[in-house]
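What follows is one structure encoded as C-alpha coordinates, with my remarks underneath.
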There are 2 protein chains.
Amino acid sequence: MSGYCAVKLAGVELRSACDDCKGRPRNGQLRFRRRDPVYLEGTQADAVFAVVEGYLRETRTTPEGRDQAVRLVCPGGLAGFESLRGGMFETSAQAITDAWVCRIPRAEALRGLEQRAGQFQAVISNLVDELSHVRETVLWLGTMKAEDRIIALLEQLAQRGGSLRFRLPMTRLELADFLGLSHSTVSRTLHQLRREGRIRLEGRWIELPRALTEPEESLLQSKE
Amino acid sequence: MSGYCAVKLAGVELRSACDDCKGRPRNGQLRFRRRDPVYLEGTQADAVFAVVEGYLRETRTTPEGRDQAVRLVCPGGLAGFESLRGGMFETSAQAITDAWVCRIPRAEALRGLEQRAGQFQAVISNLVDELSHVRETVLWLGTMKAEDRIIALLEQLAQRGGSLRFRLPMTRLELADFLGLSHSTVSRTLHQLRREGRIRLEGRWIELPRALTEPEESLLQSKE
DNA sequence: CGCTTATTTGATCTTGATCAATGGTAGTGG
DNA sequence: CCACTACCATTGATCAAGATCAAATAAGCG
(Lines give C-alpha, C1' and ligand atoms only; values in the text may rest on other atoms or scores of the structure.)
Protein backbone atom coordinates (compact mmCIF):
# COMPACT_ATOMS: atom_id res chain seq x y z
CA MET A 1 0.00 0.00 0.00
CA SER A 2 2.95 2.29 0.19
CA GLY A 3 2.95 3.44 -3.42
CA TYR A 4 0.03 4.70 -5.35
CA CYS A 5 -0.46 7.25 -8.04
CA ALA A 6 -3.01 10.00 -7.80
CA VAL A 7 -3.58 12.46 -10.57
CA LYS A 8 -6.32 14.92 -11.20
CA LEU A 9 -7.70 14.67 -14.66
CA ALA A 10 -10.55 16.79 -15.88
CA GLY A 11 -11.60 17.31 -12.30
CA VAL A 12 -11.69 13.62 -11.48
CA GLU A 13 -9.03 12.06 -9.34
CA LEU A 14 -7.46 9.08 -10.99
CA ARG A 15 -5.88 6.88 -8.40
CA SER A 16 -4.29 3.55 -8.78
CA ALA A 17 -1.97 1.29 -6.91
CA CYS A 18 1.22 1.23 -8.85
CA ASP A 19 3.77 -1.51 -8.31
CA ASP A 20 6.57 0.23 -10.09
CA CYS A 21 6.19 3.19 -7.86
CA LYS A 22 6.55 1.48 -4.51
CA GLY A 23 8.86 3.13 -2.15
CA ARG A 24 9.60 5.98 -4.48
CA PRO A 25 9.28 9.56 -3.47
CA ARG A 26 6.22 11.66 -4.13
CA ASN A 27 3.64 9.01 -3.59
CA GLY A 28 4.91 6.71 -6.23
CA GLN A 29 5.54 9.16 -8.99
CA LEU A 30 8.49 8.48 -11.21
CA ARG A 31 11.26 10.93 -11.69
CA PHE A 32 12.56 11.60 -15.18
CA ARG A 33 15.42 13.83 -16.12
CA ARG A 34 15.65 15.89 -19.26
CA ARG A 35 16.16 13.57 -22.24
CA ASP A 36 15.17 10.44 -20.38
CA PRO A 37 12.97 8.18 -22.46
CA VAL A 38 9.57 7.37 -20.97
CA TYR A 39 8.56 4.75 -23.49
CA LEU A 40 9.70 3.67 -26.92
CA GLU A 41 7.92 3.37 -30.22
CA GLY A 42 7.36 -0.23 -31.16
CA THR A 43 7.48 -1.67 -27.65
CA GLN A 44 4.53 -3.21 -25.88
CA ALA A 45 2.13 -0.54 -24.70
CA ASP A 46 1.69 -1.68 -21.15
CA ALA A 47 1.03 1.49 -19.20
CA VAL A 48 -0.49 4.93 -19.39
CA PHE A 49 1.53 7.85 -18.09
CA ALA A 50 0.14 10.88 -16.34
CA VAL A 51 2.40 13.89 -16.27
CA VAL A 52 2.34 15.63 -12.93
CA GLU A 53 5.11 18.11 -13.45
CA GLY A 54 7.33 19.00 -16.38
CA TYR A 55 6.91 18.32 -20.07
CA LEU A 56 7.13 15.26 -22.26
CA ARG A 57 7.16 15.13 -25.97
CA GLU A 58 5.91 12.38 -28.17
CA THR A 59 8.01 11.89 -31.25
CA ARG A 60 8.33 9.68 -34.23
CA THR A 61 11.60 9.24 -35.97
CA THR A 62 11.61 9.09 -39.73
CA PRO A 63 13.64 6.49 -41.60
CA GLU A 64 16.10 9.25 -42.44
CA GLY A 65 16.64 9.83 -38.76
CA ARG A 66 14.80 13.07 -38.42
CA ASP A 67 12.60 13.60 -35.40
CA GLN A 68 9.12 14.88 -35.74
CA ALA A 69 7.52 15.85 -32.48
CA VAL A 70 3.89 14.92 -32.61
CA ARG A 71 2.61 16.20 -29.33
CA LEU A 72 3.69 18.18 -26.35
CA VAL A 73 2.43 16.64 -23.16
CA CYS A 74 1.96 19.30 -20.53
CA PRO A 75 1.51 18.93 -16.78
CA GLY A 76 -1.85 17.28 -16.18
CA GLY A 77 -1.80 15.47 -19.51
CA LEU A 78 -1.79 11.78 -20.27
CA ALA A 79 0.50 9.93 -22.65
CA GLY A 80 0.56 6.42 -23.98
CA PHE A 81 -3.15 6.01 -24.68
CA GLU A 82 -2.29 3.07 -26.88
CA SER A 83 -2.15 1.03 -23.71
CA LEU A 84 -5.89 1.35 -23.30
CA ARG A 85 -6.40 -0.31 -26.63
CA GLY A 86 -3.55 -2.76 -26.59
CA GLY A 87 -0.74 -3.24 -29.07
CA MET A 88 2.47 -1.32 -29.42
CA PHE A 89 3.40 2.24 -28.68
CA GLU A 90 3.21 4.21 -31.88
CA THR A 91 5.38 7.05 -30.69
CA SER A 92 8.26 7.44 -28.32
CA ALA A 93 8.01 9.78 -25.39
CA GLN A 94 10.81 11.49 -23.58
CA ALA A 95 11.13 14.17 -20.98
CA ILE A 96 12.15 17.52 -22.36
CA THR A 97 12.41 19.00 -18.90
CA ASP A 98 12.91 17.20 -15.62
CA ALA A 99 9.54 15.66 -14.88
CA TRP A 100 7.44 13.80 -12.37
CA VAL A 101 5.31 11.19 -14.00
CA CYS A 102 2.80 8.69 -12.71
CA ARG A 103 2.88 5.33 -14.40
CA ILE A 104 -0.43 3.49 -14.47
CA PRO A 105 -0.10 -0.10 -15.63
CA ARG A 106 -2.53 -1.17 -18.31
CA ALA A 107 -4.43 -3.64 -16.14
CA GLU A 108 -4.74 -1.07 -13.41
CA ALA A 109 -6.03 1.56 -15.79
CA LEU A 110 -8.58 -0.75 -17.35
CA ARG A 111 -9.80 -1.89 -13.98
CA GLY A 112 -10.22 1.70 -12.87
CA LEU A 113 -12.19 2.45 -15.99
CA GLU A 114 -14.56 -0.42 -15.46
CA GLN A 115 -15.25 0.44 -11.88
CA ARG A 116 -15.72 4.11 -12.07
CA ALA A 117 -17.88 5.80 -14.63
CA GLY A 118 -16.37 9.15 -13.75
CA GLN A 119 -12.96 7.95 -14.79
CA PHE A 120 -14.33 6.91 -18.11
CA GLN A 121 -15.55 10.38 -18.71
CA ALA A 122 -12.25 11.81 -17.63
CA VAL A 123 -10.24 9.62 -19.93
CA ILE A 124 -12.47 10.16 -22.94
CA SER A 125 -12.40 13.85 -22.29
CA ASN A 126 -8.64 13.79 -22.16
CA LEU A 127 -8.42 11.75 -25.34
CA VAL A 128 -10.67 14.18 -27.15
CA ASP A 129 -8.58 17.08 -25.94
CA GLU A 130 -5.43 15.46 -27.21
CA LEU A 131 -7.04 14.69 -30.50
CA SER A 132 -8.00 18.30 -30.87
CA HIS A 133 -4.52 19.38 -29.91
CA VAL A 134 -2.94 17.19 -32.56
CA ARG A 135 -5.44 18.47 -35.09
CA GLU A 136 -4.27 21.94 -34.23
CA THR A 137 -0.75 20.86 -35.06
CA VAL A 138 -1.90 19.53 -38.40
CA LEU A 139 -3.37 22.91 -39.11
CA TRP A 140 -0.10 24.62 -38.32
CA LEU A 141 1.99 22.31 -40.39
CA GLY A 142 -0.35 22.23 -43.34
CA THR A 143 -1.21 25.85 -43.81
CA MET A 144 0.93 28.21 -41.82
CA LYS A 145 4.20 29.87 -42.55
CA ALA A 146 7.16 29.66 -40.20
CA GLU A 147 6.35 32.85 -38.36
CA ASP A 148 2.75 31.95 -37.69
CA ARG A 149 3.61 28.47 -36.54
CA ILE A 150 6.09 29.85 -34.07
CA ILE A 151 3.63 32.38 -32.75
CA ALA A 152 1.00 29.68 -32.42
CA LEU A 153 3.33 27.49 -30.40
CA LEU A 154 4.42 30.36 -28.18
CA GLU A 155 0.83 31.22 -27.52
CA GLN A 156 0.03 27.66 -26.67
CA LEU A 157 2.92 27.50 -24.24
CA ALA A 158 1.89 30.76 -22.63
CA GLN A 159 -1.67 29.59 -22.34
CA ARG A 160 -0.82 26.21 -20.87
CA GLY A 161 1.68 27.79 -18.53
CA GLY A 162 -0.72 30.52 -17.51
CA SER A 163 1.65 33.42 -18.03
CA LEU A 164 2.77 35.69 -20.83
CA ARG A 165 6.30 35.58 -19.54
CA PHE A 166 7.87 32.18 -19.35
CA ARG A 167 10.96 30.18 -19.98
CA LEU A 168 11.00 28.03 -23.08
CA PRO A 169 11.11 24.42 -21.93
CA MET A 170 13.25 23.39 -24.89
CA THR A 171 16.02 24.18 -27.31
CA ARG A 172 15.61 25.77 -30.70
CA LEU A 173 16.04 22.40 -32.31
CA GLU A 174 13.30 20.90 -30.21
CA LEU A 175 11.01 23.77 -31.06
CA ALA A 176 11.87 23.13 -34.68
CA ASP A 177 10.94 19.46 -34.35
CA PHE A 178 7.49 20.46 -33.18
CA LEU A 179 7.05 22.94 -35.97
CA GLY A 180 8.47 21.01 -38.86
CA LEU A 181 11.14 23.67 -39.34
CA SER A 182 14.90 23.80 -39.10
CA HIS A 183 16.62 25.15 -36.02
CA SER A 184 18.08 27.98 -38.06
CA THR A 185 14.69 29.12 -39.21
CA VAL A 186 13.37 29.07 -35.66
CA SER A 187 16.28 31.13 -34.43
CA ARG A 188 16.05 33.58 -37.29
CA THR A 189 12.32 34.02 -36.97
CA LEU A 190 12.42 34.55 -33.21
CA HIS A 191 14.96 37.29 -33.71
CA GLN A 192 12.92 38.75 -36.50
CA LEU A 193 9.96 38.95 -34.11
CA ARG A 194 12.11 40.57 -31.49
CA ARG A 195 13.52 43.07 -33.92
CA GLU A 196 9.99 44.04 -34.85
CA GLY A 197 9.17 44.47 -31.17
CA ARG A 198 6.50 41.80 -31.31
CA ILE A 199 7.98 39.74 -28.52
CA ARG A 200 10.60 40.20 -25.85
CA LEU A 201 13.32 37.59 -26.04
CA GLU A 202 16.38 36.82 -24.02
CA GLY A 203 17.86 33.40 -24.37
CA ARG A 204 15.14 31.01 -23.31
CA TRP A 205 13.04 33.70 -21.72
CA ILE A 206 10.10 34.92 -23.71
CA GLU A 207 7.56 37.61 -23.05
CA LEU A 208 4.53 37.98 -25.24
CA PRO A 209 2.56 41.19 -25.41
CA ARG A 210 -1.14 40.99 -24.59
CA ALA A 211 -1.90 41.69 -28.20
CA LEU A 212 -0.47 38.43 -29.44
CA THR A 213 -2.41 36.25 -27.08
CA GLU A 214 -5.52 38.31 -26.69
CA PRO A 215 -7.47 37.80 -29.90
CA GLU A 216 -6.62 34.19 -29.48
CA GLU A 217 -9.07 31.40 -29.08
CA SER A 218 -11.97 33.37 -30.46
CA LEU A 219 -11.14 32.30 -33.98
CA LEU A 220 -7.50 32.94 -34.63
CA GLN A 221 -8.46 35.64 -37.04
CA SER A 222 -8.04 39.36 -36.90
CA LYS A 223 -4.43 38.85 -36.05
CA GLU A 224 -4.17 42.66 -35.95
CA MET B 1 -39.12 2.17 -32.56
CA SER B 2 -39.04 2.41 -36.30
CA GLY B 3 -35.66 4.05 -36.64
CA TYR B 4 -32.47 2.94 -35.01
CA CYS B 5 -28.85 3.02 -35.92
CA ALA B 6 -26.63 -0.02 -35.76
CA VAL B 7 -22.95 0.11 -36.51
CA LYS B 8 -20.19 -2.34 -35.90
CA LEU B 9 -17.23 -0.78 -34.28
CA ALA B 10 -14.16 -2.72 -33.31
CA GLY B 11 -16.27 -5.85 -33.28
CA VAL B 12 -18.91 -4.45 -30.98
CA GLU B 13 -22.31 -3.49 -32.26
CA LEU B 14 -23.24 0.02 -31.35
CA ARG B 15 -26.96 0.44 -31.49
CA SER B 16 -29.07 3.37 -30.55
CA ALA B 17 -32.52 4.66 -31.10
CA CYS B 18 -32.18 7.70 -33.26
CA ASP B 19 -34.96 10.23 -33.57
CA ASP B 20 -33.59 11.98 -36.57
CA CYS B 21 -33.47 8.78 -38.48
CA LYS B 22 -37.09 7.77 -38.12
CA GLY B 23 -38.71 6.65 -41.26
CA ARG B 24 -35.58 6.96 -43.31
CA PRO B 25 -34.22 4.19 -45.43
CA ARG B 26 -31.53 1.81 -44.29
CA ASN B 27 -32.61 1.48 -40.71
CA GLY B 28 -32.32 5.07 -39.89
CA GLN B 29 -29.03 5.86 -41.51
CA LEU B 30 -28.72 9.29 -43.02
CA ARG B 31 -27.91 9.86 -46.62
CA PHE B 32 -25.34 12.46 -47.56
CA ARG B 33 -24.33 13.47 -51.04
CA ARG B 34 -20.88 14.53 -52.07
CA ARG B 35 -20.13 17.94 -50.57
CA ASP B 36 -22.95 17.85 -48.07
CA PRO B 37 -21.92 19.17 -44.70
CA VAL B 38 -22.35 16.76 -41.81
CA TYR B 39 -21.56 19.19 -39.03
CA LEU B 40 -19.97 22.59 -38.74
CA GLU B 41 -17.05 23.89 -36.75
CA GLY B 42 -18.19 26.07 -33.90
CA THR B 43 -21.67 24.64 -33.56
CA GLN B 44 -22.88 22.68 -30.56
CA ALA B 45 -21.44 19.17 -30.61
CA ASP B 46 -24.62 17.24 -30.05
CA ALA B 47 -24.08 13.95 -31.83
CA VAL B 48 -21.49 11.41 -32.84
CA PHE B 49 -21.51 10.17 -36.41
CA ALA B 50 -20.66 6.67 -37.52
CA VAL B 51 -19.78 6.30 -41.17
CA VAL B 52 -21.31 3.20 -42.68
CA GLU B 53 -20.44 3.77 -46.29
CA GLY B 54 -18.50 6.42 -48.13
CA TYR B 55 -15.95 8.92 -46.88
CA LEU B 56 -16.10 12.06 -44.79
CA ARG B 57 -13.38 14.52 -44.22
CA GLU B 58 -12.82 16.71 -41.23
CA THR B 59 -11.51 20.12 -42.11
CA ARG B 60 -10.61 23.38 -40.54
CA THR B 61 -10.67 26.55 -42.52
CA THR B 62 -7.92 29.07 -41.95
CA PRO B 63 -8.67 32.77 -41.63
CA GLU B 64 -7.32 33.18 -45.14
CA GLY B 65 -9.95 30.82 -46.38
CA ARG B 66 -7.75 27.88 -47.09
CA ASP B 67 -8.99 24.43 -46.13
CA GLN B 68 -6.82 22.06 -44.23
CA ALA B 69 -8.18 18.57 -44.10
CA VAL B 70 -7.38 17.11 -40.73
CA ARG B 71 -8.69 13.60 -41.02
CA LEU B 72 -10.20 11.24 -43.49
CA VAL B 73 -13.05 9.28 -42.00
CA CYS B 74 -13.37 5.92 -43.69
CA PRO B 75 -16.26 3.47 -43.62
CA GLY B 76 -16.52 2.08 -40.11
CA GLY B 77 -15.04 5.19 -38.55
CA LEU B 78 -16.52 7.66 -36.10
CA ALA B 79 -16.55 11.42 -36.35
CA GLY B 80 -17.55 14.15 -33.98
CA PHE B 81 -15.97 12.76 -30.82
CA GLU B 82 -16.25 16.20 -29.30
CA SER B 83 -19.83 15.31 -28.52
CA LEU B 84 -18.69 12.80 -25.94
CA ARG B 85 -16.93 15.53 -24.05
CA GLY B 86 -19.31 18.36 -24.65
CA GLY B 87 -18.70 21.78 -26.13
CA MET B 88 -18.43 22.81 -29.74
CA PHE B 89 -17.30 20.97 -32.82
CA GLU B 90 -13.71 21.88 -33.50
CA THR B 91 -13.75 20.85 -37.11
CA SER B 92 -16.31 20.73 -39.86
CA ALA B 93 -17.13 17.46 -41.55
CA GLN B 94 -18.45 16.97 -45.02
CA ALA B 95 -19.04 14.04 -47.31
CA ILE B 96 -16.44 13.73 -50.03
CA THR B 97 -18.31 10.86 -51.64
CA ASP B 98 -21.95 9.96 -51.33
CA ALA B 99 -22.26 8.44 -47.90
CA TRP B 100 -24.50 6.64 -45.45
CA VAL B 101 -24.01 7.89 -41.96
CA CYS B 102 -25.53 6.97 -38.64
CA ARG B 103 -26.18 9.89 -36.33
CA ILE B 104 -26.03 9.05 -32.65
CA PRO B 105 -27.28 11.87 -30.43
CA ARG B 106 -25.05 12.78 -27.56
CA ALA B 107 -27.41 11.64 -24.83
CA GLU B 108 -27.92 8.35 -26.60
CA ALA B 109 -24.21 7.78 -26.99
CA LEU B 110 -23.45 8.58 -23.38
CA ARG B 111 -26.22 6.32 -22.17
CA GLY B 112 -24.88 3.49 -24.30
CA LEU B 113 -21.43 4.02 -22.86
CA GLU B 114 -22.64 3.87 -19.31
CA GLN B 115 -24.62 0.72 -19.80
CA ARG B 116 -22.27 -1.37 -21.81
CA ALA B 117 -18.64 -1.79 -20.95
CA GLY B 118 -17.94 -3.25 -24.38
CA GLN B 119 -19.01 -0.05 -26.04
CA PHE B 120 -16.64 1.85 -23.88
CA GLN B 121 -13.79 -0.25 -25.07
CA ALA B 122 -14.92 0.12 -28.64
CA VAL B 123 -15.10 3.86 -28.46
CA ILE B 124 -11.78 4.26 -26.71
CA SER B 125 -10.21 1.95 -29.20
CA ASN B 126 -11.61 3.99 -32.03
CA LEU B 127 -10.44 7.22 -30.45
CA VAL B 128 -6.95 5.87 -30.05
CA ASP B 129 -6.91 4.74 -33.67
CA GLU B 130 -7.95 8.15 -34.83
CA LEU B 131 -5.36 9.80 -32.66
CA SER B 132 -2.70 7.63 -34.17
CA HIS B 133 -4.00 8.39 -37.62
CA VAL B 134 -3.78 12.11 -37.07
CA ARG B 135 -0.30 11.69 -35.66
CA GLU B 136 0.61 9.98 -38.87
CA THR B 137 -0.57 13.06 -40.72
CA VAL B 138 1.60 15.26 -38.54
CA LEU B 139 4.53 13.13 -39.52
CA TRP B 140 3.77 13.56 -43.20
CA LEU B 141 3.32 17.28 -42.98
CA GLY B 142 6.29 17.91 -40.76
CA THR B 143 8.99 15.84 -42.37
CA MET B 144 8.08 14.53 -45.79
CA LYS B 145 8.45 15.96 -49.23
CA ALA B 146 5.56 16.16 -51.63
CA GLU B 147 6.26 12.84 -53.29
CA ASP B 148 6.50 10.92 -50.04
CA ARG B 149 3.39 12.48 -48.63
CA ILE B 150 1.45 11.49 -51.70
CA ILE B 151 2.75 7.94 -51.59
CA ALA B 152 1.89 7.71 -47.91
CA LEU B 153 -1.67 8.83 -48.55
CA LEU B 154 -2.09 6.46 -51.47
CA GLU B 155 -0.84 3.61 -49.34
CA GLN B 156 -3.22 4.50 -46.58
CA LEU B 157 -6.12 4.59 -48.99
CA ALA B 158 -5.13 1.23 -50.44
CA GLN B 159 -4.80 -0.25 -47.00
CA ARG B 160 -8.11 1.06 -45.76
CA GLY B 161 -9.82 0.04 -48.95
CA GLY B 162 -8.20 -3.37 -48.94
CA SER B 163 -6.96 -3.28 -52.52
CA LEU B 164 -3.97 -2.03 -54.45
CA ARG B 165 -6.24 -0.92 -57.25
CA PHE B 166 -8.84 1.61 -56.31
CA ARG B 167 -10.58 4.77 -57.33
CA LEU B 168 -9.50 7.94 -55.61
CA PRO B 169 -12.46 9.15 -53.59
CA MET B 170 -11.59 12.78 -54.18
CA THR B 171 -10.31 15.46 -56.50
CA ARG B 172 -6.72 16.61 -56.78
CA LEU B 173 -7.57 19.68 -54.77
CA GLU B 174 -9.03 17.60 -51.99
CA LEU B 175 -5.96 15.39 -51.95
CA ALA B 176 -3.92 18.56 -51.74
CA ASP B 177 -5.92 19.77 -48.75
CA PHE B 178 -5.02 16.59 -46.90
CA LEU B 179 -1.38 16.85 -47.79
CA GLY B 180 -0.82 20.54 -47.27
CA LEU B 181 0.12 20.91 -50.94
CA SER B 182 -1.31 22.75 -53.91
CA HIS B 183 -3.44 20.96 -56.46
CA SER B 184 -0.84 21.60 -59.14
CA THR B 185 1.85 19.91 -57.13
CA VAL B 186 -0.36 16.91 -56.53
CA SER B 187 -1.13 16.61 -60.21
CA ARG B 188 2.47 17.05 -61.23
CA THR B 189 3.78 14.56 -58.72
CA LEU B 190 1.23 11.90 -59.59
CA HIS B 191 2.27 12.16 -63.23
CA GLN B 192 5.89 12.11 -62.25
CA LEU B 193 5.26 8.84 -60.41
CA ARG B 194 3.47 7.44 -63.41
CA ARG B 195 6.22 8.48 -65.77
CA GLU B 196 8.69 6.65 -63.59
CA GLY B 197 6.47 3.58 -63.67
CA ARG B 198 6.02 3.63 -59.93
CA ILE B 199 2.25 3.69 -60.06
CA ARG B 200 -0.40 3.10 -62.67
CA LEU B 201 -2.68 6.08 -63.07
CA GLU B 202 -5.69 6.84 -65.18
CA GLY B 203 -7.87 9.68 -64.08
CA ARG B 204 -9.10 8.75 -60.64
CA TRP B 205 -8.02 5.13 -60.93
CA ILE B 206 -4.81 4.21 -59.21
CA GLU B 207 -2.89 0.99 -59.05
CA LEU B 208 0.00 0.57 -56.69
CA PRO B 209 2.65 -2.09 -57.15
CA ARG B 210 3.25 -4.45 -54.24
CA ALA B 211 6.63 -2.89 -53.74
CA LEU B 212 5.25 0.41 -52.60
CA THR B 213 3.09 -1.03 -49.87
CA GLU B 214 5.14 -4.06 -48.90
CA PRO B 215 8.14 -2.89 -46.91
CA GLU B 216 6.06 -1.01 -44.45
CA GLU B 217 3.10 -2.79 -42.94
CA SER B 218 5.26 -4.53 -40.40
CA LEU B 219 5.66 -1.41 -38.28
CA LEU B 220 2.01 -0.54 -38.30
CA GLN B 221 0.95 -3.71 -36.55
CA SER B 222 -0.28 -5.78 -39.49
CA LYS B 223 -3.84 -4.57 -39.79
CA GLU B 224 -5.00 -7.71 -41.58
C1' DC C 1 39.16 26.09 -17.35
C1' DG C 2 38.19 23.21 -21.15
C1' DC C 3 34.76 20.72 -23.56
C1' DT C 4 30.38 19.88 -25.21
C1' DT C 5 26.11 21.63 -26.61
C1' DA C 6 23.19 25.74 -28.10
C1' DT C 7 22.57 29.65 -30.67
C1' DT C 8 23.16 33.07 -34.10
C1' DT C 9 24.04 34.44 -38.62
C1' DG C 10 25.50 34.34 -43.55
C1' DA C 11 25.41 32.29 -48.41
C1' DT C 12 23.43 29.30 -51.55
C1' DC C 13 20.15 26.05 -53.55
C1' DT C 14 15.60 23.36 -53.76
C1' DT C 15 11.01 22.70 -53.28
C1' DG C 16 6.75 23.71 -54.04
C1' DA C 17 3.42 27.88 -54.15
C1' DT C 18 1.40 30.90 -57.22
C1' DC C 19 -0.25 32.71 -61.53
C1' DA C 20 -2.02 31.58 -65.77
C1' DA C 21 -3.45 29.21 -69.83
C1' DT C 22 -5.38 25.07 -72.00
C1' DG C 23 -7.72 20.85 -72.57
C1' DG C 24 -11.22 17.24 -70.56
C1' DT C 25 -15.43 15.59 -68.91
C1' DA C 26 -19.96 15.28 -66.97
C1' DG C 27 -24.31 17.13 -66.34
C1' DT C 28 -28.25 19.98 -68.18
C1' DG C 29 -31.59 21.61 -71.11
C1' DG C 30 -33.03 22.58 -75.75
C1' DC D 1 -27.74 14.63 -80.13
C1' DC D 2 -25.49 18.80 -79.39
C1' DA D 3 -24.27 23.02 -77.20
C1' DC D 4 -23.38 25.17 -72.94
C1' DT D 5 -21.58 25.42 -68.51
C1' DA D 6 -19.15 24.26 -64.51
C1' DC D 7 -15.85 21.84 -62.57
C1' DC D 8 -11.57 19.16 -62.95
C1' DA D 9 -6.91 18.17 -64.50
C1' DT D 10 -2.67 19.13 -66.74
C1' DT D 11 1.22 21.85 -67.61
C1' DG D 12 4.45 25.86 -68.06
C1' DA D 13 6.91 29.98 -66.04
C1' DT D 14 8.22 32.53 -62.21
C1' DC D 15 9.32 33.41 -57.47
C1' DA D 16 9.75 33.18 -52.42
C1' DA D 17 10.12 30.54 -48.20
C1' DG D 18 12.94 27.77 -45.92
C1' DA D 19 16.32 23.89 -46.00
C1' DT D 20 20.95 23.06 -46.04
C1' DC D 21 25.78 23.97 -45.48
C1' DA D 22 29.09 26.33 -42.94
C1' DA D 23 31.24 29.09 -39.52
C1' DA D 24 31.62 31.90 -35.59
C1' DT D 25 30.06 32.87 -30.79
C1' DA D 26 27.88 31.98 -26.43
C1' DA D 27 26.42 29.11 -22.50
C1' DG D 28 26.46 25.35 -19.49
C1' DC D 29 28.62 22.12 -16.90
C1' DG D 30 31.84 18.68 -14.84
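Here the structure is a predicted model, which is why all the values come from computation and not from measurement. Here is how names work: the chains are called A, B, and so on, in the same order as the sequence lines, proteins then strands, and each is numbered from 1.
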Stretch residues 67-74 of chain B: residues that reach within less than 4.0 Å of DNA chain D through a heavy atom: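 Of all residues in residues 67-74 of chain B, none places a heavy atom under 4.0 Å from DNA chain D.
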B:Phe81 and B:Val48, any side-chain heavy atoms less than 4.5 Å apart: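 They are not in contact (no side-chain heavy atoms under 4.5 Å apart), so the answer is no.
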Heavy-atom check, side chain of B:Leu190 versus side chain of B:Arg194, under 4.5 Å: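 Not in contact.
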Nearest whole angstrom, please: distance from the [atom2] of [N] to the [atom1] of [X].
{"X": "A:Glu147", "N": "D:dA16", "atom1": "CD", "atom2": "P", "value": "17 Å"}
{"X": "B:His183", "N": "C:dG16", "atom1": "NE2", "atom2": "P", "value": "16 Å"}
{"X": "B:Leu168", "N": "D:dC8", "atom1": "CG", "atom2": "P", "value": "14 Å"}
{"X": "A:Lys145", "N": "D:dA16", "atom1": "NZ", "atom2": "P", "value": "11 Å"}
{"X": "B:Arg194", "N": "D:dA9", "atom1": "CZ", "atom2": "P", "value": "14 Å"}
{"X": "B:Arg167", "N": "D:dA9", "atom1": "CZ", "atom2": "C1'", "value": "13 Å"}
{"X": "B:Leu179", "N": "C:dT15", "atom1": "CG", "atom2": "C1'", "value": "15 Å"}
{"X": "A:Leu141", "N": "C:dA17", "atom1": "CG", "atom2": "C1'", "value": "17 Å"}

Touch class at under 4.0 angstrom, heavy-atom based, for A:Arg149 against every strand present: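 Answer is nothing: A:Arg149 stays at 4.0 Å or more from every strand.
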Sugar-phosphate only, base, or nothing, as touched by B:Arg66 at under 4.0 Å among non-hydrogen atoms: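 Since no nucleic acid heavy atom lies under 4.0 Å of B:Arg66, the category is nothing.
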Would [X] and [Y] pass as an ion pair if we require N to O under 4.0 Å?
{"X": "A:Asp98", "Y": "A:Arg34", "value": "no"}
{"X": "A:Arg198", "Y": "A:Glu196", "value": "yes"}
{"X": "B:Glu136", "Y": "A:Arg60", "value": "yes"}
{"X": "A:Arg135", "Y": "B:Glu82", "value": "yes"}

Out of [options], whichever nucleotide has its closest atom nearest the side chain of [X]:
{"X": "A:Ser187", "options": "C:dT9, C:dA17, D:dT10", "answer": "C:dT9"}
{"X": "A:Ser184", "options": "C:dG16, D:dC21, D:dT10", "answer": "D:dC21"}
{"X": "B:Thr171", "options": "C:dG16, D:dA19, D:dA9", "answer": "D:dA9"}
{"X": "A:Arg34", "options": "D:dC8, C:dA6, C:dT7", "answer": "C:dA6"}
{"X": "A:Ser182", "options": "D:dA19, D:dC21, D:dT10", "answer": "D:dA19"}
{"X": "B:Arg188", "options": "C:dT18, C:dA17, C:dT9", "answer": "C:dT18"}

Nearest-nucleotide comparison on DNA chain D, the residue closer to the 5′ end among A:Arg204 and B:Arg195: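 Result: B:Arg195.
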For B:Phe89, all residues meeting ring pair (Phe, Tyr, Trp, His ring centres under 6.0 Å), sequence neighbours excluded: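 Partners of B:Phe89 under the ring pair (Phe, Tyr, Trp, His ring centres under 6.0 Å) test: B:Tyr39.
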